[in-house]
Amino acid sequence: MQPMFLICLRYCNNREEAEDVLQEGFMKVFDFIHQYNHKGPLEGWMRQIMIHCAFRKYRNNRLLHPVVDITTTEIVGTAHEEILSRLGTKELISMIQQLPPAYRMVFNLFVFEKMKHREIADLLGIAEGTSKSNLSAARYILQKAVTFSLQSSKINFK
């Protein structure tokens, strides 16, 4: 159950929403278990159901989210090793949850699900260029959040 919950958490705004998606996902798993063809791992099949439940929630709430202006922040570079050693998994997931929903969906699909922009565009019903733009914006916002968090932690430890 933990791996499925982490998937839901990445796609949702908060823990409560992730719990709702997880519950809906397991209901779908039990409703459609007869369609599982045993050709791949059960976990992979369940993972796809959880992702699709998260998409459904995203599509239902799509028009309710504001657009974020990313032109008011600047990019500051940081080494990957430093980021991973100084930030915990919970903090990184929290940063992903803070992304606007469209950016979060594209980021998760591209980074974690290893989908191509064309596949993402088809799945979300957007242009391929929009997928690329959303990924770029998501990376930009996450880079700012990571930089801020690392700078804050330096200040707190001194």
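Predicted model, so just to flag it, every value in this text is computed and none were measured. Throughout, residue positions are numbered sequentially from 1 according to the sequence presented.
- A donor and an acceptor atom, one from each side chain of Asn134 and Arg104, are nowhere located under 3.5 Å apart.
- Between Ile96 and Phe112, the closest side-chain pair of non-hydrogen atoms falls below 4.5 Å.
- Criterion: ILVMFWY side-chain heavy atoms under 4.5 Å apart, direct or through other members. Under it, Phe30 and Met27 are not part of a common hydrophobic cluster.
- Closest of all the heavy-atom pairs between Cys8 and Ala18 is CB-O, 3.6 Å.
- Shown here are the side chain to side chain contact (heavy atoms under 4.5 Å, CB included) partners of Asn37, two or more places apart in sequence or in another chain: Lys39.
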Worked check of side-chain contact (heavy atoms from CB on, under 4.5 Å) between Asp31 and Phe26: CA-CA 8 Å; Asp31 286 345; Phe26 274 116; over 6 Å; no
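- By the side chain to side chain donor-acceptor pair (under 3.5 Å) test, Glu24 is found to be paired with Arg56, residues two or more places apart in sequence or in another chain being considered.
- The SG atom of Cys53 sits 6.0 Å away from the NZ atom of Lys28 when rounded to the nearest 0.5 Å.
- Expressed to the nearest 0.5 Å, how far OG of Ser149 lies from CG of Leu92 amounts to 8.5 Å.
- With hydrogens and angles disregarded, a donor-acceptor distance shorter than 3.5 Å links the side chain of Gln97 to the backbone of Leu9.
- Not counting sequence neighbours, His34 has no partner by the ring pair (Phe, Tyr, Trp, His ring centres under 6.0 Å) test.
- Considering only residues two or more places apart in sequence or on other chains, Ala138 meets the side chain to side chain contact (heavy atoms under 4.5 Å, CB included) condition with Leu99, Tyr103, Phe107.
- Distance check: Ile7 CD1 to Gln2 CD gives 10.5 Å after rounding to the nearest 0.5 Å.
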Donor-acceptor pairs under 3.5 angstrom involving side-chain atoms of residues 114-129: please list them, not counting sequence neighbours.
residue, atom, partner, partner atom, Å
Lys114, NZ, Val111, O, 3.1
His117, ND1, Ser131, OG, 2.8
Glu119, OE1, Lys116, N, 2.7

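- Ala145 and Met95 make their closest contact through O-CE, 3.7 Å (heavy atoms, listed as atom of the first residue, atom of the second, distance).
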Under 3.5 Å, which donor-acceptor pairs link side chains of residues 40-51 to any protein atom two or more places apart or in another chain?
residue, atom, partner, partner atom, Å
Arg47, NE, Glu113, OE1, 3.1
Arg47, NH2, Glu113, OE1, 3.2
Arg47, NH2, Glu113, OE2, 3.1

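- Looking at residues two or more places apart in sequence or on another chain, you find a side chain to side chain contact (heavy atoms under 4.5 Å, CB included) between Gln98 and Ser94.
- Taking 4.5 Å as the limit, some side-chain heavy atom of Pro100 sits within range of a side-chain heavy atom of Ile141.
- Atom-to-atom distance recorded for Arg15:CZ and Leu22:CG is 10.0 Å, nearest 0.5 angstrom.
- A 4.5 Å side-chain heavy-atom check between Phe5 and Val21 finds every atom pair outside the cut-off.
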